[in-house]
Amino acid sequence: MGVTAKIAPSMLSSDFANLASEAERMLNCGADWLHMDIMVRHFVPNLTIGAPVIESLRKHTKAYLDCHLMVTNPVDYVEPLGKAGASGFTFHVEISKDNWQELVQRIKSKGMRPGVALKPGTSVEEVYPLVEGANPVEMVLVMTVEPGFGGQKFMPEMMDKVRTLRNRYPSLDIEVDGGLGPSTIAEAASAGANCIVAGSSVFGAPEPAHVISLMRKSVEDAQKNS
């Protein structure tokens, strides 16, 4: 398949008062990336973190900071997040249909990896131009819950999108976010997802390392059988 398993605990479920130590704990448990949800009450109703928190966390970790922007004006966040030390910058296709080429170029110019996300109600075809363009995104994030809050129930019907993307783009990083855990990982992995965002199921587990290991094995087993 040409892609590797990447497990990204969602820091939205961490103890924000101890973000640096929580990040270190997740990495020690085997996490590949740290998933950072950036919301500002426009695109979604919740309010979380911004560039200042990314900058503060970067001082304490060299981890890949996988930033998912649930905002209506992602272009305004490119320079601040680039300066702050973000690694990945994933924007939503729903609000970037007209300016995505400029957005991707700016993201890359700041040394970040561009990705595009789509909400459950958005057709998978909407992201094709962004993956197939002259200056493409490098990851597609399929939301398996409505964006905005952690702890929601996994939507298995979204796996059709993942399967479609994997069949069309064998070497693309495909990320899933929402309701992922031991009971749902096999379905996501078999559909072709290789980047797994998990919040409550990791941070709420007695042994987060076991959950991370289980999810990684599920992705790797699915790739061997594909």
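Values below: all heavy atoms of this structure, side chains included; hydrogens, waters and symmetry mates excluded. The first residue in the sequence is number 1, and the count goes up from there.
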What one should report as the nearest heavy-atom pair of A63 and R58 is O-NH1, 2.8 Å

May I have all residue pairs that pass ring-ring contact (aromatic ring centres under 6.0 Å, His included) and include part of residues 197-226, sequence neighbours excluded? none

Short N-O contact, K83 and E79, less than 4.0 angstrom: yes

Just wondering, do M143 and M158 contact through their side chains at under 4.5 Å, heavy atoms? no

Of all heavy-atom pairs linking G179 and V145, the shortest is N-CG1, 4.0 Å

What are the two closest heavy atoms between L118 and V124, and how far apart are they? CD1-CA, 3.8 Å

In terms of heavy-atom contacts, A222 and A189 come closest through CB-O, 3.4 Å

Check F16 against M11 and note the closest heavy-atom contact, atom names and distance. CE1-O, 2.9 Å

Pairs in or reaching into residues 174-185: which pass side chain to side chain donor-acceptor pair (under 3.5 Å), with residues at least two apart or in two chains? H35-D177

Taking it one step at a time, do M159 and F154 satisfy side chain to side chain contact (heavy atoms under 4.5 Å, CB included)? CA-CA 10 Å; M159 293 306 96; F154 176 76; 3.7 Å; yes

Any R166 side-chain heavy atom under 4.5 Å of N194 side chain: yes

Is the backbone N or O of P120 less than 3.5 Å from a side-chain atom of K161, with the two atoms forming a donor-acceptor pair by type? yes

Can you tell if the side chain of V104 reaches within under 4.5 Å of the side chain of F91, non-hydrogen atoms only? yes

Positive for side chain to side chain contact (heavy atoms under 4.5 Å, CB included) with P9, one of I196, D66, I212, L27: I212

Charged N-O contact under 4.0 Å between E125 and R168: no

